[in-house]
Colleague: 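Structure below; questions to follow.
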Amino acid sequence: MNYWLLKTEPEEFSIDDLQNKAGAEIWEGIRNYQARNIIRDQIELNDRVLIYHSSCKNVGVAGVGEISKAGYPCPYQFEKSHKYFDPKAESGSPRWYVMDVKFVEKFSSLVSLKQIKQESILKDMVLVKQGRLSVQPVTKDEFEKICSLGRSD
DNA sequence: GCCAACGTTGGC
DNA sequence: GCCAACGTTGGC
């Protein structure tokens, strides 16, 4: 099993929105090739994901989700009236991919970016080293450390 | 293929 | 709102 971190702006879609969803959520709108390649080539069913709240008052990891459907072509890139329509996408070779995510756990306390930067075991996270990547790999140790921080207090 | 100009992300 | 750190676009 692999571990990942997914960024989301909580004003758009938060861990609470994921929790309140009856089924799985389509993780849409990733328009970055590095992130696209990860979704298309690496993310597998049942992988675990950290849900990270960005661009908000309290930035940090809010909880955990699970991949309920591995990467598949984003259906919206071909729908002309859709917000995520891409005129350069061709059906033979899709440009963009999505995945389905379902809720697993909301942390009792948010693991803030500040906290993450203070932990020596977490200081090499992609989150810290490369700010702008909305889908990124996390090691098992990093994943477990963040979970234990989130479950404490 | 280079690189300048522009656009976006995201913490603060 | 500012600005650094990217990523993308397009002329040459």
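The structure presented is a predicted model; accordingly, all values stated were derived computationally and were not measured. These values consider heavy atoms only, across backbone and side chains, with no hydrogens, waters or symmetry-generated copies. We name chains A, B, ... by the order of the sequence lines, and we start the count at 1 in each one.
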Colleague: Is it the case that the side chains of A:Gln77 and A:Glu28 hold a donor-acceptor pair, with the cut-off being a distance below 3.5 Å and no angle test?
Modeller: no
Colleague: Would you say the side-chain atoms of A:Tyr97 and A:Asn37 include a donor-acceptor pair closer than 3.5 Å?
Modeller: no
Colleague: Nearest-Å distance, CE (A:Met125) to P (B:dG11)?
Modeller: 12 Å
Colleague: Would you classify A:Gln34 as touching base, sugar-phosphate or nothing, given that sugar-phosphate means primed atoms plus P, OP1 and OP2, and contacts are heavy atoms under 4.0 Å?
Modeller: sugar-phosphate
Colleague: Nearest whole angstrom, please: distance from the P of C:dG7 to the CG of A:Asn37.
Modeller: 12 Å
Colleague: How would you label the contact of A:Lys129 with the nucleic acid (heavy atoms, under 4.0 Å): base, sugar-phosphate, or nothing?
Modeller: nothing
Colleague: Check whether the side chains of A:Tyr84 and A:Arg31 place a donor and an acceptor atom closer than 3.5 Å, and report yes or no.
Modeller: no
Colleague: OP1, OP2 of B:dT9 versus side-chain N and O of A:Lys7: anything below 4.0 Å?
Modeller: no
Colleague: Would you say A:Tyr33 reaches C:dC6's phosphate, i.e. side-chain N/O to OP1/OP2 under 4.0 Å?
Modeller: no
Colleague: Assess whether atom CD of A:Glu11 is packed by more than 12 heavy atoms of other residues, nucleotides or ligands within 6.0 Å.
Modeller: no
Colleague: Rounding to a whole Å, what distance do you find between A:Asn32:CG and B:dG7:P?
Modeller: 18 Å
Colleague: Taking atom C1' of C:dA4 as reference, at what distance in whole Å does atom CG of A:Leu133 sit?
Modeller: 17 Å
Colleague: OH of A:Tyr52 versus P of B:dT9: gap in Å, rounded?
Modeller: 15 Å
Colleague: Contact class for A:Ser55 (heavy atom, under 4.0 Å): base, sugar-phosphate, or nothing?
Modeller: base
Colleague: Could you give the CD1-to-P distance, from A:Ile30 to B:dT9, as a whole number of Å?
Modeller: 10 Å
Colleague: To the nearest Å, give me how far apart CG (A:Leu5) and P (B:dT9) are.
Modeller: 16 Å
Colleague: How many whole angstroms separate atom NZ of A:Lys57 from atom P of B:dG11?
Modeller: 16 Å
